[in-house]
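Per chain, numbering begins at 1; letters A, B, ... match sequence-line order.
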Amino acid sequence: MKAVMNPTYNPAEVESRWYPIWENSGSFRPEVNPDGEPYCIVIPPPNVTGVLHMGHALDHAIQDVIIRRKRMQGFAALWLPGMDHAGIATQNVVERELRNEGISRHDIGREAFVGRVWAWKSKSGGSITQQMRKLGDSTDWSRERFTFDEGLSAAVRKVFVTLYDEGLMYRANRIINWCPTDHTALSEIEVEHEDEAGELTYIRYPFTDGDGYITVATTRPETMLGDTGVAVHPDDDRYRAAIGRTVMLPLMNREIPVVGDDEVEPDFGTGAVKVTPAHDPLDFDIGKRHNLESIVVINTKAQITAEGGEFAGMDRFEARAAVQARLAGIDAIEKIEEHRHSVGHCSRCDSVIEPLLSLQWFVDVQPLVGPAIDAVKSGRTRFIPKRWEKNYFHWMENLQDWCVSRQLWWGHRIPAWYCDACGETIVSIEDPTVCACGSNDLRQDEDVLDTWFSSALWPFSTLGWPEETEDLAKFYPTATLVTGFDIIFFWVARMMKMGLHFTDDAPFTDIVIHGMVRDAASGRKMSKSSGNALDPLELIDEYGADSVRLALIQSAAPGHDIPLNTDWVDASRRFGNKLWNAIRFAVEFMDVDGVPVDGGYPAQPGPEGAWVLSRLSDVTTEVDRLLDEYRLSDAYGLLYNFAWSEVFDWYLEMAKTISKDDDRAPIMRQTLGVVLRDVLKLFHPAIPFVTEELWSHLADGPELLVTASWPDIPEYSSPEHVDSLQELVTQIRQFRSQHQISRKIEIPVTIVSGDDPLPDWWLAQIATLADCSPFNGARPGAETGQTRMFAPGVEAFISLEGLIDVDAERPRIQKVIAELDASIGRSRGKLSNPSFRDRAPAEVVAQEEARLAEVEAELAEQNRLLEELG
RNA sequence: GGGCGUUUAGCUCAGUUGGCUAGAGCGCCGCCCUUACAAGGCGGAAGUCGAGGGUUCGAGUCCCCCAACGCCCACCA
């Protein structure tokens, strides 16, 4: 018995019903296609603290379209979900909780704190996994992973220890980027540079021999407290004589040398630079080259240390003003200029980064770079769109060593132990209990690893590596990665390096890069901070997940940003409603249901059926081509127009003209059913909920649409008659509209065909679709008061007498003539050009000639009609 | 200082081997409550494809140059 379908589609009710059915049926597991070729996408793991935003919605919609189609195509398709432990972000959330209780993490200690984070995770973390279900993500939840779970942590240790054994993981004292707020080291890509207004302070450093001074320029005068030298370019004539002399550092009264160094830019400032090896990366290098001492004058809280003398204890910015004032007091400042310069900020908390000399762990990435570049250069892995490859190469070629240690508690603790007795460092997978020297006085390194370290292993660690699991053998290397360009450096490049190094294969074949979702109104990136963010969850509640997905997919041209507003979502919702009603009509009013899941394509579908099936076949072929190239927006734009403008607007209307007791009714129902079935299949990856619901009304058998087969349509050739039918109907409608003729008036139309009499079905279609009474007969005499229409193979005549004011037809014909004239002009121009005839392909020339002949004939006829009208 | 992207209808955007009269959604105008859908149907108006130059029989599409806007990278202290 048929279920009654509501005339208005209600997404909320339908969507909440289907997801559990899919999930519980195991449809998202690759095991549903046990013999299928493996196809795997690993999800970019959202932060455990994350809530679903538009960026996720886009990223997931794309991945879901890809994986759902592959599943329907019979692949053993796996979309592997999971989350990232998100070191700093998560630690901050729990620290905020503690702060509300009036305590800090140091009050409860490391172990208790980590316990609190786990407790938070099980209670509040991972809400995004429920939100992904609302979106319809067909991820295999039985394989869900977490970067901090046991298996992945084992992979992290294995990688760390291996890199250490290979000499690629080392501990060193370097200038690193320090966030004084998050109180941890950061890698250089976690620092965002912004141009800001600042000052360039020119300070005089007197020579110790009393003969003059040298002026240095700095944006950070407070660092002068730690100066241990002044550097000039060795070829700079102004300063050549100064090299080797010493100056007296003001305020500190420290004698420091002037050195010559090629890295100094003579054109900047005074051409002489103060050297603070402990607080500037360039100065650190210069200091090393010239054996200058490193004096730490700023601590991890961004305060001046005891080495800073009278300024000790001051905040760095307070000290900047104080140092300037003191220098001015002793007349050591030559001038202060306004100066815009780039200032580094913590990408997480926006604090100004402090370059600090610090003992940290680093990965020597150079040996990993070559294979990662080669994999892309050779085409083993390709970026889509290709232009991102250039960015990837450029970044790879300019890599610094990766600072991986973080001064946090939430993260993978560095598997290094230090022996207090002998000073030995032990790096091992298993926790050591005793040192080679016999001492068991071992301290594990306090630091944890950069969150991105475990993310870099994601494609293989989630599949079981370093164990040789079945999943790893089957699904690695994975097929496709889908992500935004903003994390190519953070994540994609590192996965490539680690994947190639540890598995000897690139982790993906295709890397699909999409843009950012933007607010269509302002053009800005959607973000909470700018207050222009659309909340996908609110949109899902209001419009349905299908609408949000389709809007994103249709807007997402490959590699471009996506402007989104609710109009797009609303248009998608209307499409869902249209689809709903089209199928409701077929099921309830045309008795189309029990459509077979596979095949069932009619061998003799009749002319309308052959037309729609040939269009379906063409469109499916094109959609497959577009989807294979990841052009989702083009594919679904095409399908959207096909479904609405051709299937619903034309074919469904044609089907209506065939009454239930007509001999052609059974074949029409079969054809309509098969076409609608395949439309549902083609749309399912984009709008899974409404299509699954409609499938349950339309199709026969127990199979869910989610695991149904992708369409494979036999060839059909379309009868030419259908084109002329559509053209003539459109022209009659235009005629009616132009002359404001009510639909209630049936227009008598005499139709003349070139050869055979027109079939009854054709006349019946014309009659219904154009609300006219067609008569297939001889060409009427050349009496006045007729209008004439052309369509391939047929002409139509309408007597204007009694239908319209005959005079009103004149301007219409004149307009038609003007258009035809223009067209003929263009055509003749082309054809009279000898070069065109010589050089254009013969088929293009022939096409042009045929077109001209046709248009000329029509022009002659319209001119004749105009004359008849007088 | 490098690199990349964008510029097409009132708005937001498609347009990938150069080839009929450049498309879509929304908006706008007219008619229609036709029993799938008024969240709809039918019809319509609207674009010198950022400026200039070049290649070509033919350029929104390829090349050069310019302009505006946006993004990324970069240790000018």
Quiz prompt | Met590(A) CE - C37(B) C1' separation (whole Å) | solution = 15 Å

Practice problem: Output the single nucleotide from C42(B), C37(B), C72(B) whose closest atom is nearest the side chain of Phe489(A). | Solution: C72(B)

Practice problem: Describe the nucleic acid contact of Phe648(A) in one word from base, sugar-phosphate, nothing, applying a heavy-atom distance below 4.0 Å. | Solution: base

Self-check item: Sugar-phosphate only, base, or nothing, as touched by Glu848(A) at under 4.0 Å among non-hydrogen atoms
Solution: nothing

Practice problem: Answer yes if the ring centres of Trp644(A) and Tyr640(A) are under 6.0 angstrom apart, and no otherwise. | Solution: yes

Quiz item: What's the CG-P distance between Leu579(A) and G40(B), to the nearest Å?
Solution: 14 Å

Practice problem: Determine whether the aromatic ring centres of Phe575(A) and Phe683(A) lie less than 6.0 Å apart. | Solution: yes

Quiz item: How far, in whole Å, is G60(B) from G15(B) if one measures between their C1' atoms?
Solution: 8 Å

Quiz item: Separation of Gln740(A) atom CD from C42(B) atom C1', in whole Å?
Solution: 12 Å

Exercise. Compare the minimum distances between each of U16(B), U12(B), A36(B) and the side chain of Trp568(A), then state the nucleotide with the smallest one.
Key: U12(B)

Exercise. Just call it for Ser633(A): base, sugar-phosphate, or nothing, with non-hydrogen atoms closer than 4.0 Å on any strand.
Key: nothing

Self-check item: Comparing Asn577(A) and Ser835(A) on RNA chain B - which has the more 5′ nearest nucleotide
Solution: Asn577(A)

Quiz item: Does the side chain of Glu727(A) come under 3.5 Å of the side chain of Thr730(A) through a donor N or O and an acceptor N or O?
Solution: no

Practice problem: Indicate whether the side chain of Glu653(A) and that of Gln765(A) have a donor and an acceptor atom separated by less than 3.5 Å. | Solution: no

Self-check item: G44(B) and A59(B), which share atom name P, separated by this distance in whole Å
Solution: 29 Å

Quiz prompt | RNA chain B: 5'-proximal contact among Ile741(A) and Phe585(A) (nearest heavy atom) | solution = Ile741(A)

Quiz item: What is the nucleic acid contact for Leu652(A), judged by heavy atoms within less than 4.0 Å: base, sugar-phosphate only, or nothing?
Solution: base

Self-check item: Whole-angstrom distance between U61(B) and G3(B), as gauged at atom P
Solution: 23 Å

Quiz item: Does one side chain, of Lys830(A) or Ser832(A), offer a donor that lies under 3.5 Å from an acceptor on the other?
Solution: no

Output a table of nitrogen or oxygen pairs between the protein and nucleotides 1-10 of chain B separated by less than 3.5 Å.
residue: C4(B); atom: OP1; partner: Lys390(A); partner atom: NZ; Å: 2.8

Quiz item: Are Phe268(A) and His339(A) close enough that their ring centres sit under 6.0 Å apart?
Solution: yes

Quiz item: Strictly under 6.0 Å, is that where the ring centroids of Trp388(A) and Phe383(A) end up?
Solution: no

Quiz item: Are a donor atom and an acceptor atom from the side chains of Glu334(A) and Thr215(A) found within less than 3.5 Å of each other?
Solution: yes

Quiz item: Can you tell me how far P in C28(B) sits from the matching atom in A39(B), rounded to whole Å?
Solution: 14 Å

Quiz item: Once you round it to whole Å, what is the distance between C1' of G23(B) and CD of Gln554(A)?
Solution: 13 Å

Quiz item: Would you say a side-chain N or O of Lys578(A) is under 4.0 Å from OP1 or OP2 of G41(B)?
Solution: yes

Quiz prompt | Short side-chain N/O contact to C26(B) OP1/OP2 from Arg574(A), under 4.0 Å | solution = yes

Quiz item: Which part of the nucleic acid does Asp649(A) contact within heavy-atom distance under 4.0 Å: base, sugar-phosphate only, or nothing?
Solution: sugar-phosphate

Quiz prompt | Exam field: side chain Asn581(A) to backbone Pro7(A), donor-acceptor pair closer than 3.5 Å | solution = yes

Quiz item: Using the P atom in both, what is the distance from C69(B) to G27(B), to the nearest Å?
Solution: 32 Å

Could you write out each protein N or O paired with an N or O of nucleotides 74-77 of chain B at a distance under 3.5 Å?
residue: A77(B); atom: OP2; partner: His339(A); partner atom: NE2; Å: 3.3
residue: A77(B); atom: N6; partner: Glu265(A); partner atom: N; Å: 3.4
residue: A77(B); atom: N6; partner: Glu265(A); partner atom: O; Å: 2.6
residue: A77(B); atom: N1; partner: Glu265(A); partner atom: N; Å: 3.2

Quiz item: Does the side chain of Asp195(A) come under 3.5 Å of the side chain of Ser342(A) through a donor N or O and an acceptor N or O?
Solution: no

Quiz item: Which nucleotide in the list G25(B), C33(B), A39(B) gets nearest to the side chain of Arg573(A)?
Solution: A39(B)

Self-check item: Whole-Å distance separating the CZ atom of Arg631(A) from the C1' atom of A24(B)
Solution: 15 Å

Self-check item: Base-paired stems that RNA chain B participates in, counting runs of 3 or more Watson-Crick or G-U pairs under 3.5 Å
Solution: B:1-7 with B:67-73, B:10-13 with B:23-26, B:28-32 with B:40-44, B:52-54 with B:62-64

Practice problem: Could you please name the option among C42(B), A39(B), C31(B) that lies closest to any side-chain atom of Thr8(A)? | Solution: A39(B)

Practice problem: Round to the nearest Å and state the distance from Ile513(A) atom CD1 to C72(B) atom P. | Solution: 15 Å

Self-check item: Gap in Å between the two C1' atoms, one belonging to C11(B) and one to G30(B), rounded
Solution: 22 Å

Exercise. Check whether any side-chain nitrogen or oxygen of Gln734(A) sits under 4.0 Å from OP1 or OP2 of G44(B), and answer yes or no.
Key: yes

Exercise. Report yes or no: is the cationic atom of Lys656(A) (NZ for Lys, CZ for Arg) under 6.0 Å from the centre of the six-membered ring of Phe585(A), at an angle within 45° of the ring normal?
Key: yes

Exercise. Could you check how far CZ of Arg837(A) sits from P of G58(B), rounded to whole Å?
Key: 16 Å

Quiz prompt | Trp644(A) side chain near G41(B) phosphate (N/O to OP1/OP2, under 4.0 Å) | solution = yes

Exercise. Using atom types as modelled and distance alone, determine if a side-chain donor or acceptor of Arg733(A) lies under 3.5 Å from a backbone N or O of Asp771(A).
Key: no

Practice problem: Indicate whether any N or O donor in one side chain lies under 3.5 Å from an N or O acceptor in the other, for Ser827(A) and Arg851(A). | Solution: yes

Quiz item: If you look at every strand shown and take non-hydrogen atoms under 4.0 Å, does Pro834(A) touch a base, only sugar-phosphate, or nothing?
Solution: nothing

Quiz item: For atom C1', what is the distance between A9(B) and U48(B), given to the nearest Å?
Solution: 13 Å

Quiz prompt | No-hydrogen, no-angle side-chain donor-acceptor test under 3.5 Å, Glu196(A) and His345(A) | solution = yes

Quiz item: Given the P atoms of C13(B) and C71(B), what is the spacing between them in whole Å?
Solution: 14 Å

Quiz item: Among Ile488(A), Ile487(A), Val492(A), Asp486(A), whose side chain to side chain contact (heavy atoms under 4.5 Å, CB included) with Phe490(A) holds?
Solution: Ile487(A)

Quiz item: Please give, in whole Å, the distance from U21(B) P to Leu852(A) CG?
Solution: 12 Å

